[in-house]
Amino acid sequence: MAAIFSHLTSLRSPDAASFSSLSSSGIHSSRFSGVFAPSPITFRATSQRVSCQATSPAASPPPSVNVNACQKDFLHISDFDKSTLLNILDRAKEVKALIKSGERTYLPFKGKTMAMIFAKPSMRTRVSFETGFYLLGGHAIYLGPDDIQMGKREETRDIARVLSRYNDIIMARVFAHQDILDLAKYATVPVINGLTDYNHPCQIMADALTIIEHVGQLEGTKVVYIGDGNNIVHSWLLLASVIPFHFICACPKGFEPDQETVKKAQGAGVSKIEITNDPKEAVRGADVVYSDVWASMGQKEEAAQRRQVFQGFQVDEELVKIAGQKAYFMHCLPAERGVEVTNGVVEAPNSIVFPQAENRMHAQNAIMLHVMGL
């Protein structure tokens, strides 16, 4: 780590030097189960913004791969190619190691501001984005449901253009997916999807980082999701359309993920993708067993009915035993202990739920650095 400090000391300037990615430096990190050992990190003395042409996103969720390493926004994982995604994950590991070392002179966001739009409240999304942006020198502004009512109090296109004149980046956590598409269409600064009803790309990037740290790699692993075919599943499918691994979604009949997204992800021919109604068969030989709440925000009136339908889809000790001793348990949180997962599974030694939650901040830092060209 001394090498890191010597580089940083020589680069302390008002410009804040850019943090070179592993791909550009040619340096690779050592990975082994449960531990990350950072290799030496190199820095560039000058910061170069990525020059991109902003393109209008599609009117509907595009699950197909649109290879563009120079994408202005981070709306869907499949907007990026494999190399770009892996570079972002490598960058996340670099910056994570730096932050955890206690080093506080790497400030690429110094003098920059981020507007955070929350149509949906959240603990992890707000704290991880706000803390991460602050630790790298920036200032984040929280705009809650009562501050901005996109499409109601003010048109989204107007909000996007006004916030772009005040801020260097926008993050939004909204209900309708069209809201994030419209926001990105009219914004002149990068827009990051903090969650929509359709997908949750930042969460899955954090999940991928966690799997790499604990399993050793993402490619070739078997990830089994148990529960509702929701926005988390859609983002797993979009990731599987770019990076090869085995993804299974086990859900009750009638609660499968969006068919078009499944079809296009399978059609990409990158990963083995299965949708099943048998959780016990699905988890056999899994590297990761993943769960989420059965009734997401905006579906709470369906909670009682869903509990009946989802009987047999709880991740309990018996299901984890079928998965095998090597299987890790993951959950995007918040968890309803005793409903979709037992307390014993959350607290078990093979649970990596809390490292997963921490990695939201590190993955998002790397995403912000990428879209801002830093």
Side-chain angles (χ1 to χ4, degrees), residues 14-19 47-50 52 54 57 70-76 79-80 88 91-92 95-96 98-99 104-150 154 156-174 179-196 199-203 205-206 209 357-374:
D15 298 321
S18 66
F19 193 99
S47 176
Q48 294 182 342
R49 280 190 176 274
V50 177
C52 303
C70 201
Q71 185 79 13
K72 175 178 78 79
D73 308 303
F74 196 86
L75 307 181
H76 320 89
D79 290 336
F80 302 87
I88 292 172
R91 190 78 175 278
V95 180
K96 177 179 179 177
L98 193 66
I99 288 174
R104 293 294 182 268
T105 59
Y106 174 57
L107 304 172
F109 298 147
K110 184 177 181 180
K112 299 184 184 300
T113 60
M114 171 172 59
M116 304 191 302
I117 301 173
F118 282 83
K120 287 185 176 185
S122 171
M123 177 181 75
R124 268 157 300 280
T125 299
R126 177 179 178 180
V127 176
S128 60
F129 267 108
E130 190 165 340
T131 302
F133 203 67
Y134 167 78
L135 287 174
L136 299 187
H139 175 66
I141 303 166
Y142 173 78
L143 299 166
D146 294 331
D147 297 310
I148 293 185
Q149 300 175 29
M150 291 200 303
E154 190 170 357
T156 302
R157 57 184 174 179
D158 294 345
I159 292 170
R161 287 181 283 193
V162 169
L163 290 181
S164 293
R165 290 171 179 263
Y166 296 147
N167 301 279
D168 300 282
I169 188 170
I170 299 169
M171 187 281 296
R173 181 179 172 91
V174 298
D179 285 343
I180 201 77
L181 298 180
D182 291 343
L183 194 64
K185 179 179 180 179
Y186 290 101
T188 55
V189 298
V191 172
I192 293 181
N193 179 356
L195 175 143
T196 71
N199 70 339
H200 196 354
C202 290
Q203 177 67 59
M205 289 293 283
L209 175 61
E358 178 188 342
N359 278 339
R360 281 290 302 277
M361 181 175 75
H362 305 303
Q364 289 161 186
N365 280 347
I367 290 167
M368 290 188 288
L369 287 165
H370 178 78
V371 298
M372 295 175 75
L374 298 173

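Counting begins at 1 with the first residue of the sequence. Just so it is clear, the structure is predicted and the values come from calculations on it, not from any experiment.
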Practice task
Kindly determine whether L181 and H76 satisfy side-chain contact (heavy atoms from CB on, under 4.5 Å), including the steps that lead there.
Solution key: CA-CA 10 Å; L181 298 180; H76 320 89; 3.8 Å; yes
Practice task
Could you walk me through whether I367 and H370 pass side-chain contact (heavy atoms from CB on, under 4.5 Å), step by step?
Solution key: CA-CA 5 Å; I367 290 167; H370 178 78; 5.7 Å; no
Exercise for the section: Kindly indicate, with the supporting measurements, whether the criterion side-chain contact (heavy atoms from CB on, under 4.5 Å) is fulfilled by K112 and M372. Expected result: CA-CA 11 Å; K112 299 184 184 300; M372 295 175 75; 3.4 Å; yes
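In terms of heavy atoms, N167 sits closest to V189 at O-CG1, 3.4 Å. Minimum heavy-atom separation, L143 to A115: CD1-CB, 4.2 Å. When all heavy atoms are compared, the tightest approach of A160 to A187 is CB-N, 3.6 Å. What you find for M171 and G194 is that their closest heavy atoms are SD-CA, 3.7 Å. Across all non-hydrogen atoms, the minimal contact from P201 to F74 is CB-CE2, 3.5 Å. The two residues M361 and S128 come nearest to each other via the heavy atoms CG-O, 3.5 Å.
Contact annotation: the side chain of L136 never approaches that of L374 to less than 4.5 Å [non-hydrogen atoms, C-beta and beyond]. Put simply, the side chain of K96 reaches to within 4.5 Å of the side chain of E358, judged on heavy atoms. Side-chain contact between S122 and L195 is absent, with no heavy-atom pair separated by less than 4.5 Å. In this structure, the side chains of M150 and I180 stay at 4.5 Å or more apart for every pair of heavy atoms. Between I117 and D179, the closest side-chain pair of non-hydrogen atoms is not below 4.5 Å. Contact of the I141 side chain with the Y166 side chain is not registered, since no non-hydrogen atoms from C-beta on lie closer than 4.5 Å.
Once rounded to the nearest 0.5 Å, the distance linking NE2 of H362 with CE of M205 reads 14.0 Å. Considering NZ of K110 and OG1 of T105, their distance stands at 11.0 Å, rounded to 0.5 Å. Rounding to the nearest 0.5 Å places NE2 of H139 at 14.5 Å from CZ of F109. Note that CG of L209 is 11.0 Å distant from CD of Q364, once rounded to the nearest 0.5 Å. I192 CD1 to F129 CZ: the interatomic distance, rounded to the nearest 0.5 Å, is 5.0 Å. Here the CD atom belonging to Q203 is positioned 10.0 Å from the CG atom belonging to N359, to the nearest 0.5 angstrom.
For Y134, the OH atom sits in a loose shell: 12 or fewer heavy atoms of surrounding residues, nucleotides or ligands are nearer than 6.0 Å.
Note: F118 and Y142 have tilted aromatic rings, judged against thresholds of 30 and 60 degrees for the angle between ring planes.
Within the 3.5 Å criterion, the main-chain N or O of I99 finds a donor-acceptor partner in the side chain of R104.
With respect to T125, the side-chain contact (heavy atoms from CB on, under 4.5 Å) criterion is satisfied by exactly one of M116, R173, K120: R173. The only option from L183, T113, I169, I170 that meets the side-chain contact (heavy atoms from CB on, under 4.5 Å) definition with L163 turns out to be I170.
The salt bridge (charged side-chain N to carboxylate O under 4.0 Å, His left out) pairs that include a residue from residues 129-146 are R126-E130, where partners are two or more places apart or lie in different chains.
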